[in-house]
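Working notes for the structure below.
Nothing here was measured: the structure is a model prediction, and the numbers come from that model.
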Amino acid sequence: MPKEYRTIEEIAGPLMLVRNVSGVTYDELGEIELSTGEKRRCKVLEVDGSNALVQLFESSAGINLSQSKVRFLGRSMELGVSRDMLGRIFDGLGRPIDNGPEILPDKRMDIDGLPINPVARSYPQEFIQTGISAIDGLNTLVRGQKLPIFSASGLPHANLAAQIARQARVRGTQESFAVVFAAIGITFEEANFFIESFRETGALDRTVLFVNLANDPAIERISTPRMALTAAEYLAFEKGMHVLVILTDITNYADALREVSAARKEVPGRRGYPGYMYTDLASIYERAGRQKGKPGSITMIPILTMPEDDETHPIPDLTGYITEGQIILSRDLYRKGITPPIDVLPSLSRLKDKGIGEGKTRADHADTMNQLFAAYARGKEAKELMVVLGEAALTDIDKLYAKFADEFEKQYISQGYQVNRDVEETLDLGWKLLRILPRSELKRINDQLLDEYYDASDK
């Protein structure tokens, strides 16, 4: 029976000081019992001699210091996991909120997990199809990769996140695939959008949803991505499934980290965020990957809104260091009505060359990808020149490149949020657009592929 303490000295925001404790350890889970019998969860942040600084998961409102008691449970925070989690909706602390029954767990797992030992990692190299041309064709996602989406306030990252969660699949139907979706600090409307979107398309059956709302306590926000990743680790490494984890919005997570850090009176770092934010984000991102000898994998797409559209802000800056590339959404494309507004030139998937080619996608993938990048970059330059000097100043070939850039945005990047293109369709569309340019301009594609695809009539 855990020992009870009635020595709560003070409460400040989400923090509480308990005196004269013994045998209490860092990160241990605790339970506060109010005079009404209501129980609230907390965890130990700091132990100094016989004093314990405790962080509440719920509100501190209504706690009477002299009439409340604390018991420490001798374990860190855990999530009960089972295959029955698929198709269910939980809050940020892993409690069901879909009016369904409680989960009967196969086992209980520590939510802090363990980073995968680098020696035990398998290199990510198998293609995941998202059904979105700008990702599959140009910034390919592979199993075990961490590929964040950098968005900004007012851009439709929620629609893109829902589309990826609905459409993503491992090619080859024999592989079991699941999505773990963690919504961190979002509004009720956004939460409702995700839930209804998954329900309508039947994607909910293969999805585990963790929803933390903006009005939930900040400390719950910090546990939400860890809960999601614990469920993902169980499905991937115990049940052999390929799991796609989508975390939105990491900016809300970092803001919660800053709020708790300020309450602890820690010395702030850049823009007021704690100095350990890099390590903290890494403890989340590094849980993605593949393990040698295990069939499952965890692929991660964290989504974050860049404050003031600033890529040098600490959150996108640190995320870029830890992850393998980024997909960037563009306000200019959004204004033009391009959906999804993915800005392909500054976007990058560092592992894209590992997941494409013969046997994975198609032999012409790498060459066409390079050619599309080059042609689009030159087309954008031609359009900028046209704005400054007028169309008459452009050569005939520059006018073709400008036309290519327009058609590329309208047909290739813009596909809406309901269209699911398989990779062959994306590659064929790339060839159709490249035919706007004369064959002599396609210097990044070898002649054999040009003979096979460029000279073929439109399919």
Side-chain angles (χ1 to χ4, degrees), residues 124 126-151 155-171 175 177-184 186 190-191 193-211 225 228-229 232 235-236 241-250 285 288 297-305 319 323-330 334 338-344 347-349 351-352 355 361 412-423 425-426:
E126 288 142 310
F127 174 68
I128 287 182
Q129 181 173 294
T130 65
I132 298 162
S133 293
I135 296 176
D136 292 349
L138 302 172
N139 290 291
T140 314
L141 180 66
V142 298
R143 281 189 212 165
Q145 184 176 5
K146 309 175 282 291
L147 186 62
I149 293 174
F150 289 3
S151 182
L155 294 184
H157 47 272
N159 305 60
L160 182 59
Q163 184 178 13
I164 292 171
R166 286 196 311 267
Q167 295 179 180
R169 68 184 182 90
V170 172
R171 283 159 70 83
E175 308 267 23
F177 189 74
V179 175
V180 175
F181 194 101
I184 307 163
I186 63 170
E190 280 181 296
F193 164 75
F194 286 127
I195 292 166
E196 291 308 313
S197 166
F198 294 162
R199 271 212 180 105
E200 281 166 22
T201 55
L204 190 60
D205 295 341
R206 58 162 194 176
T207 304
V208 186
L209 212 61
F210 289 86
V211 178
L229 282 159
L235 293 171
M241 300 179 82
H242 295 289
V243 185
L244 176 66
V245 178
I246 299 177
L247 308 174
T248 180
D249 181 338
I250 292 293
Y285 298 149
S297 63
I298 297 177
T299 307
M300 190 187 295
I301 300 183
I303 297 172
L304 56 92
T305 46
T319 294
T323 53
E324 292 111 12
Q326 68 279 330
I327 303 288
I328 296 178
L329 301 191
S330 156
Y334 182 55
I338 306 291
T339 54
I342 294 173
D343 195 351
V344 296
S347 296
L348 169 70
S349 168
L351 301 178
K352 64 186 171 191
T361 53
Y412 194 97
I413 299 175
S414 189
Q415 63 179 76
Y417 298 112
Q418 303 306 322
V419 175
N420 185 359
R421 291 180 185 157
D422 64 37
V423 71
E425 205 178 330
T426 290

Dump the intermediate steps for side chain to side chain contact (heavy atoms under 4.5 Å, CB included) on Thr426 and Thr361, then the final yes or no.
CA-CA 11 Å; Thr426 290; Thr361 53; over 6 Å; no
Would a 4.5 Å heavy-atom cut-off, applied to side chains only, mark Thr140 and Val423 as touching?
no
Looking only at heavy atoms, what is the nearest atom pair of Ala134 and Val344, with distance?
CB-CG1, 4.0 Å
So do the side chains of Pro340 and Gln415 get within less than 4.5 Å of each other, counting heavy atoms only?
yes
Return the CG to OG1 distance between Asn420 and Thr201, rounded to the nearest 0.5 Å.
10.5 Å
Leu348 versus Gln326: any side-chain heavy-atom pair under 4.5 Å?
yes
Once rounded to the nearest 0.5 Å, what's the spacing between atom OG1 of Thr319 and atom OH of Tyr285?
3.0 Å
Got a sec, which residues hit ring-ring contact (aromatic ring centres under 6.0 Å, His included) with Phe198, two or more places apart in sequence or on another chain?
Phe181
Is the backbone N or O of Gln129 less than 3.5 Å from a side-chain atom of Asp136, with the two atoms forming a donor-acceptor pair by type?
no
If you take all heavy atoms of Leu247 and Val245, which pair is closest and at what distance?
CD2-CG1, 3.7 Å
For Glu425, enumerate each residue passing the salt bridge (Lys or Arg N to Asp or Glu O under 4.0 Å) test, keeping only those at least two apart in sequence or located in another chain.
none
Heavy-atom side-chain contact between Ile186 and Phe194 under 4.5 Å:
yes
Leu329 to Ser151 - nearest heavy-atom pair and separation:
CD1-OG, 3.6 Å
Going from CD on Gln145 to CG on Leu351, what distance comes out if it is rounded to the nearest 0.5 angstrom?
4.5 Å
What are the two closest heavy atoms between Gly325 and Leu147, and how far apart are they?
C-CD1, 3.9 Å
At their closest point, which heavy atom of Thr299 faces which heavy atom of Arg143, and how far apart are they?
OG1-CA, 3.3 Å
Scan Val180, Leu141, Val243, Leu229 and name whichever one has a side chain to side chain contact (heavy atoms under 4.5 Å, CB included) with Met300.
Leu229
CD1 of Ile303 to OG1 of Thr248: how many Å apart, nearest 0.5 Å?
4.5 Å
Any side-chain heavy atom of Ile184 within less than 4.5 Å of one from Pro225?
yes
Least distance between heavy atoms, Ser297 atom then His242 atom:
OG-ND1, 2.8 Å
Please name the residue in the list Ile327, Ile149, Ile328 that meets the side chain to side chain contact (heavy atoms under 4.5 Å, CB included) test with Ile342.
Ile327
Not counting sequence neighbours, list each pair that qualifies as a salt bridge (Lys or Arg N to Asp or Glu O under 4.0 Å) and has a residue in residues 194-206.
Glu196-Arg199
Judged by atom type as modelled, is there a donor-acceptor pair below 3.5 Å linking the side chain of Thr207 to the main-chain atoms of Leu209?
no
Just by distance, with hydrogens left out, do Ser133 and Arg421 show a side-chain donor and acceptor under 3.5 Å apart?
yes
